[in-house]
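Here the structure is a predicted model, which is why all the values come from computation and not from measurement. Each chain gets a letter, A, B and so on, in the order its sequence line appears, and its residues count up from 1.
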Protein chains: 2
Amino acid sequence: MTTPDAASDRPEPPIASRKEQQAIVARDRIVRAVIDCLDEHGYAETSINRIQERAGISRGALTHHFPSKEELMVVTAERLLQPTLVPPRKGPRQFDSAEQRISAVEADIVWMWERLVDTREGRALLEILVATRTDVALKGRISETFVRWNRAINESLAANYLLHGLAEDEQRELWTMCRVFLRGLNTQSQFEPDHHARSALVRSFARMIATRFV
Amino acid sequence: MTTPDAASDRPEPPIASRKEQQAIVARDRIVRAVIDCLDEHGYAETSINRIQERAGISRGALTHHFPSKEELMVVTAERLLQPTLVPPRKGPRQFDSAEQRISAVEADIVWMWERLVDTREGRALLEILVATRTDVALKGRISETFVRWNRAINESLAANYLLHGLAEDEQRELWTMCRVFLRGLNTQSQFEPDHHARSALVRSFARMIATRFV
DNA sequence: TACGATACAGAACGAACGTTCTGTTTGTCT
DNA sequence: AGACAAACAGAACGTTCGTTCTGTATCGTA
């Protein structure tokens with residue numbers, strides 16, 4: 001908060017000292033525990049006690065690294081948004097045929113579902129997302145992060161495809177639809193417990209929307 | 001729970017006595033308060049105290065009508081699923097042209113968003129939905145209700161359109177996609193705070209998917 | 001080597017949670 | 001009229017919550 005951090009002239013390579021490494025490891029264990037707890041028990045039941053037990057550390061260590069629960073959730077949310085989540089490029093992104101492009105988009109959407117949304121991290125993020133809607137303190141801390149992430153992800157997705165003939169804002173809109181759909185699907189398990197049925201729905205949706213990428 | 005209710009021969013019109021009416025009104029006020037609290041404060045912060053204050057009744061009255069919080073959530077969830085949520089038929093559902101049918105579906109999707117999902121009730125349902133994922137006790141009580149509702153809603157939506165040339169299971173799939181998308185959009189407000197932008201996204205999505213209804 | 005900061009440990013805090021309990025009032029039914 | 005059950009009121013329960021605190025060990029540095 002008060003760290004200047006503005007490009008100071010001293011080079012200062014980020015070599016972590018033993019103590020710093022220790023802290024990093026501890027913080028990592030804690031955030032990992034938060035994600036697991038959010039996934040398994042939900043936001044309401046993710047208490048300090050549970051996190052502490054899950055991380056296998058003492059109450060004092062936890063409060064030392066994260067003085068408040070809000071801080072804990074903010075850091076966890078930032079961690080969850082970190083791998084900015086663009087499917088890995090496996091082949092050329094300059095496509096020869098429309099069919100190639102369509103099936104590439106299709107595969108990427110399935111990849112997003114399996115690797116990003118239908119995961120511990122995806123479900124944990126949903127918990128935080130829903131909680132943030134009504135928690136004004138949390139909202140004040142991380143809403144800007146969410147908004148910035150949303151902008152960045154659309155840019156990088158569009159840049160990943162090099163589509164001509166489709167306006168950029170239309171591309172952004174389509175990718176946004178994908179994310180909204182996949183996030184919604186994470187709550188569909190109550191209505192459709194069959195995991196395969198939901199996977200099938202992802203594929204159908206992917207096939208449908210992929211054809212819109214001109 | 002123990003009311004037989006099976007078509008008994010005695011006519012017995014459901015005339016509620018004064019006391020029964022009193023109870024109905026009270027329960028209604030309470031459930032209403034739960035929905036409001038869920039919308040405004042989220043599941044984690046919807047406490048007995050808050051509900052009681054919001055409903056303007058005593059602690060005793062609340063526990064009398066709903067002996068546990070779980071009971072309260074179950075009844076509220078059932079209430080939220082009650083208006084089985086098919087857009088009102090304004091005109092003929094036998095369409096002359098494809099354009100007519102497309103724009104009818106389009107309008108219905110927008111109607112669902114505005115009247116069912118982007119509402120107090122829609123947001124309250126999302127809160128319960130997310131909480132149910134991890135609350136095993138709650139899940140045991142209402143998951144079956146969710147599954148049954150999901151089946152019923154698809155049937156009634158399909159019946160509302162009388163589409164030939166499109167397999168019924170394909171129709172169900174399309175409508176399911178709509179619901180999943182709209183539910184996901186309820187969590188999009190963190191990423192896209194602009195309400196108009198989200199409305200525009202609904203319209204775009206509706207336009208896209210409506211064309212799939214052959 | 002000594003000093004200070006950081007990492008950790010755990011007790012103690014008041015507040016809030018959901019539930020249970022004992023009363024009091026008020027309709028309903030014979 | 002009288003008995004009974006339902007509607008309501010509110011105190012009290014033990015538990016758990018997140019935070020604050022005092023104390024100890026360890027590491028970096030002057």
Side-chain angles (χ1 to χ4, degrees), chain A residues 1-3 10 12-31 33-34 37-38 41-76 131 134-138 141, chain B residues 1-3 10 12 14-31 33-34 37-38 41-76 131 135-138 141:
Chain A
M1 188 188 279
T2 55
T3 48
R10 56 175 183 149
E12 183 76 18
I15 296 171
S17 70
R18 183 126 64 111
K19 209 145 211 192
E20 282 171 323
Q21 270 187 328
Q22 209 174 343
I24 290 172
V25 169
R27 288 173 66 93
D28 203 76
R29 279 172 64 91
I30 294 168
V31 171
V34 174
C37 286
L38 285 173
H41 308 290
Y43 188 86
E45 299 296 323
T46 296
S47 65
I48 300 284
N49 263 327
R50 223 195 270 268
I51 295 166
Q52 167 219 338
E53 282 175 23
R54 181 83 186 205
I57 59 166
S58 74
R59 196 61 166 279
L62 183 55
T63 57
H64 170 70
H65 291 290
F66 301 96
S68 74
K69 194 182 180 184
E70 186 188 311
E71 194 65 30
L72 206 39
M73 288 301 163
V74 169
V75 173
T76 302
T134 48
D135 189 323
V136 284
L138 203 55
R141 292 287 306 274
Chain B
M1 186 190 281
T2 56
T3 46
R10 53 173 184 152
E12 182 76 19
I15 295 173
S17 70
R18 185 126 64 110
K19 210 145 210 192
E20 283 170 323
Q21 270 186 327
Q22 210 173 342
I24 290 171
V25 168
R27 289 174 65 93
D28 203 76
R29 280 171 62 91
I30 293 167
V31 171
V34 173
C37 286
L38 285 173
H41 307 289
Y43 188 86
E45 299 296 322
T46 296
S47 65
I48 301 284
N49 263 326
R50 224 195 268 267
I51 294 166
Q52 166 217 341
E53 282 175 23
R54 181 82 185 207
I57 59 166
S58 74
R59 194 61 166 279
L62 182 56
T63 56
H64 169 70
H65 290 289
F66 301 95
S68 74
K69 195 183 179 184
E70 186 188 310
E71 194 65 31
L72 205 40
M73 288 301 163
V74 170
V75 173
T76 302
D135 189 324
V136 284
L138 203 54
R141 292 287 307 274

Nearest heavy-atom neighbours spanning [X] and [Y]:
X: B/Ala33; Y: B/Arg54; answer: CB-CG, 3.7 Å
X: B/Leu38; Y: B/Tyr43; answer: CD2-CA, 3.7 Å
X: A/Ile48; Y: A/Leu62; answer: CG2-CD2, 3.6 Å
X: A/Ala61; Y: A/Ser58; answer: N-OG, 3.1 Å

Interface polar pairs with nucleotides 25-30 of chain D, N/O, under 3.5 angstrom:
residue, atom, partner, partner atom, Å
D/dT26, O2, A/Lys19, NZ, 2.6
D/dG28, OP1, A/Arg18, N, 3.2

Open item on the list: At 4.0 Å (heavy atoms only), tell me whether B/Thr63 reaches a base, stays on the sugar-phosphate, or touches nothing.
Closed with: base

Phosphate contact ([N] OP1 or OP2) by [X] side-chain N/O below 4.0 Å:
X: A/His64; N: C/dC8; result: no
X: A/Asn49; N: D/dT16; result: no
X: B/His65; N: D/dC8; result: yes

>> When you compare the side chain of B/Glu71 with that of B/His65, does any pair of heavy atoms fall below 4.5 Å?
In response: no

Between [atom2] of [N] and [atom1] of [X], the distance in whole Å:
X: B/Leu62; N: D/dA9; atom1: CG; atom2: C1'; answer: 12 Å
X: B/Leu138; N: C/dG18; atom1: CG; atom2: P; answer: 13 Å
X: A/Arg59; N: C/dG10; atom1: CZ; atom2: C1'; answer: 10 Å
X: A/Ile51; N: D/dT16; atom1: CD1; atom2: P; answer: 17 Å
X: B/Glu70; N: C/dT19; atom1: CD; atom2: P; answer: 9 Å
X: B/Gln52; N: C/dT20; atom1: CD; atom2: P; answer: 17 Å
X: B/Glu71; N: C/dT20; atom1: CD; atom2: P; answer: 13 Å
X: B/Phe66; N: C/dT19; atom1: CZ; atom2: C1'; answer: 16 Å

By nearest-heavy-atom nucleotide on DNA chain D, the more 5' of A/Ile48 and A/Gly60 is A/Ile48

Of C/dC8, D/dT19, D/dC8, the nucleotide closest to the side chain of A/Ser58 is C/dC8

Of the listed C/dA7, C/dT19, C/dC17, the closest approach to the B/Ser47 side chain comes from C/dC17

Distance col, row A/Phe66:CZ vs A/His64:NE2, nearest 0.5 angstrom, shows 10.5 Å

Would B/Arg27 and B/Val75 count as a side-chain contact (heavy atoms from CB on, under 4.5 Å) if you check the C-alpha gap in whole Å, the side-chain angles of each, and the deciding distance to 0.1 Å?
CA-CA 10 Å; B/Arg27 289 174 65 93; B/Val75 173; 4.2 Å; yes

